[in-house]
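To start, the structure itself, in structure tokens.
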Amino acid sequence: MVNTGMRPLLMLPEILTFGSGLLVLIGGSFLPRQRQWWARIVAAAALIGVVVVAAVRIAAPDQTAFDGAFAVDTTTGVARITAAIGVLVVLAIAGDDIRATARESETYALLLFSTAGVMVLAGTDDLLVLATGYLLASIPLYGLIGLLRSGVAAEAALKTYLIGALFGIILLLGVTVLYGISGATRYNELAAQMRGAPAAVVATGVVAVAAGLMFEAGAVPAHFWVPDAAQAANSVAAVFLTTVPKIGALIALYRVAAVLPPSLVPWPVLIAIFAVASMTLGNLAAYGQEDPRRLLGWSTVSQVGYLLVPITVAGRSELALPSLLFYLVGYTLTNGAAFAVSTALPDRRALVAYRGLARARPWLAGALVVALLGLVGTPPTSVFVAKLTTAMAVWDGGFPWLAVVVFVNSLLSLFYYLRWIAPVFQKPDQSDDFTLGGWSARTAIVAAAWSLGLGIAAGPLWDVLPTAPLR
């Protein structure tokens, strides 16, 4: 049963995340540089609280807050937990990357503010709240990328800002158009109110909203900033921006798509085009990369393509939503593990520099292999289960050719991941002790283990995932 009314406590995870961001920002101003780690403890405690509250809420009946503008359902709960876990991974590697730096507490505050926006995006059932969540999730990204004082970081921050501003305007244009032709902003009213509207105008609004969300997801055509930011920013920002914002953007896109009948505008074809372009371009561009973080940046563009696939059959297959949610959880852990390895070895900024890692640091090498083969979709990792169910969803929903594209692109991606894996097992040219960052190395091993375990235990977890968002 759906309850209406303001009910602000239903948004307690979002309030807790944003409020802890304010606390960290203000409290960090009074802490000496050597004590900034207290801000990380506060942020981690708040996120653990979010996981607990969201897990408890999943067992409760679906409800809405603020008169139906925000859905508090199982989909929102999974998004909250996944986003919080993703940021906890980021905070863990921060112990090596930004500890005792001049902008440590500000980094944690920006992470929490953006995460609050991601959670709002994941639960919104209203176009105006969608725009608000988009801005809250996007604006802190510019600061995160630019916190590293270097020329390449400044260039990446500027590129992200310009692309984000452009696609933010496009998103707002789409919201304006859809409101103008329907007189409604609530998703459940849009389809009914738009019937009879000119098809070209409806298509303009839908395309603009979808394109705006592509920036937050890091997909084509708004992907240009992702590899630059992944390479130039510090590890904390790189892990976050390639993982957590996708959660809110893709679930928000799913909710919009689920209420728009294809008779109004052929949105499944539109999203399929975004998906094929992202996975194909991301894979092709990753082939020539020598910097592991830039390779992971292009990899994340291709991964968004796979994540977009189940959205093409939103409302047409019961496998669509659970496959999307499971993929988001698996990708968050797997991508976090891969970036954590690169953070544990910050000076290894070329693939060949990992030569001999398996002999010197076997556990870390194992985590890297699990993460990279997981991104390919190798059994029994979680991403394998996600890709398999994603392909089944589009096959069931009437897009068998898209399932074939997923398989072909997954096969193609194996070759550039092997370019990173191969040196790991080669004999080193000279003695090399591979000095590690302790926090990052442990995080990589734990995240890779969870990714593997999630794939093995996929059956019981699948049963709790929803087949449709709250309406």
Side-chain angles (χ1 to χ4, degrees), residues 1-7 10-11 61-76 79 120-134 170-214 248-274 308 310-322 324-325 393 396-399 466-471:
M1 179 179 179
V2 179
N3 296 322
T4 58
M6 298 301 288
R7 307 176 67 85
L10 291 177
M11 295 189 69
D62 294 344
Q63 297 177 305
T64 61
F66 295 95
D67 292 324
F70 189 86
V72 186
D73 53 11
T74 305
T75 302
T76 304
V120 171
L121 271 177
T124 180
D125 250 346
D126 186 283
L127 289 174
L128 296 180
V129 181
L130 173 71
T132 303
Y134 175 90
I170 292 174
L171 177 106
L172 293 175
L173 171 65
V175 169
T176 304
V177 170
L178 292 179
Y179 174 71
I181 61 177
S182 66
T185 58
R186 301 288 164 82
Y187 292 174
N188 57 2
E189 300 174 3
L190 281 176
Q193 298 295 331
M194 285 192 299
R195 296 189 187 281
V201 180
V202 175
T204 299
V206 172
V207 170
V209 170
L213 290 172
M214 290 302 101
L250 293 168
I251 293 178
L253 182 60
Y254 188 99
R255 290 186 187 274
V256 173
V259 300
L260 295 175
S263 58
L264 285 176
V265 58
W267 59 262
V269 177
L270 170 69
I271 298 175
I273 291 171
F274 286 148
L308 286 169
I311 302 178
T312 62
V313 290
R316 302 176 64 177
S317 172
E318 290 188 352
L319 294 173
L321 183 56
L324 172 64
L325 296 177
D396 180 55
F399 285 79
T467 57
L470 176 64
R471 285 286 164 257

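The figures here come from the full heavy-atom set of this structure, side chains too, leaving out hydrogens, waters and symmetry mates. Residue numbers start at 1 and run along the sequence shown.
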If we only count heavy atoms from C-beta on, is the L260 to V202 side-chain gap below 4.5 Å?
no

Evaluate the side-chain proximity of E318 to D396: yes if any heavy-atom separation is below 4.5 Å, no if none is.
no

Value rounded to 0.5 Å, distance of CD1 in I181 from CG in L190:
8.5 Å

4.5 Å side-chain heavy-atom contact, L121 and I251
no

I'd like to check the salt bridge (charged side-chain N to carboxylate O under 4.0 Å, His left out) partners of R316; sequence neighbours left out, ordered by chain and number.
none

So, does T76 use its side chain to make a donor-acceptor pair with the main chain of A71 at under 3.5 Å?
yes

Counting C-beta onward and ignoring hydrogens, is there a side-chain heavy-atom pair between F66 and L10 closer than 4.5 Å?
no

Report the distance from atom CG of L324 to atom CG of L319, rounding to the nearest 0.5 Å.
12.5 Å

Looking only at non-hydrogen atoms, find the nearest pair between V129 and V120 and report the distance.
CG1-CG1, 3.7 Å

Looking only at heavy atoms, what is the nearest atom pair of Y134 and G212, with distance?
CE1-O, 3.2 Å

Taking L128's backbone N and O only, do any of them form a donor-acceptor pair with T132's side chain (distance below 3.5 Å, no angle check)?
yes

Could you report the tightest heavy-atom contact between A272 and T312, atom names first, then the distance?
N-CG2, 3.4 Å

Could you tell me which non-hydrogen atom of A131 sits nearest to which non-hydrogen atom of L172, and how far apart they are?
CB-CD2, 3.6 Å

Once rounded to the nearest 0.5 Å, what's the spacing between atom CD of E189 and atom CG of L127?
10.5 Å

What verdict does the side-chain contact (heavy atoms from CB on, under 4.5 Å) test give for V259 and N188, after you've listed the backbone C-alpha separation in whole Å, the side-chain angles of each residue and the deciding distance to 0.1 Å?
CA-CA 7 Å; V259 300; N188 57 2; 5.8 Å; no

Just how far is it from atom CG of L270 to atom CG of L308, taken to the nearest 0.5 Å?
10.0 Å

Determine the minimum heavy-atom distance between A393 and V313, stating which atoms define it.
O-CG2, 3.8 Å

Please find the pair of heavy atoms, one from L130 and one from T124, that lie closest to each other, and give the distance.
N-OG1, 3.3 Å

Student check: side-chain heavy atoms of D126 and F70 closer than 4.5 Å
no

Please tell me if the side chains of L325 and T74 come closer than 4.5 Å, counting only heavy atoms from C-beta onward.
no

Counting C-beta onward and ignoring hydrogens, is there a side-chain heavy-atom pair between R255 and T75 closer than 4.5 Å?
yes

Spacing of CD1 belonging to I311 relative to CG belonging to L250, to within rounding of 0.5 Å
5.0 Å

How about M214 and L253: do any of their side-chain heavy atoms sit closer than 4.5 Å?
yes

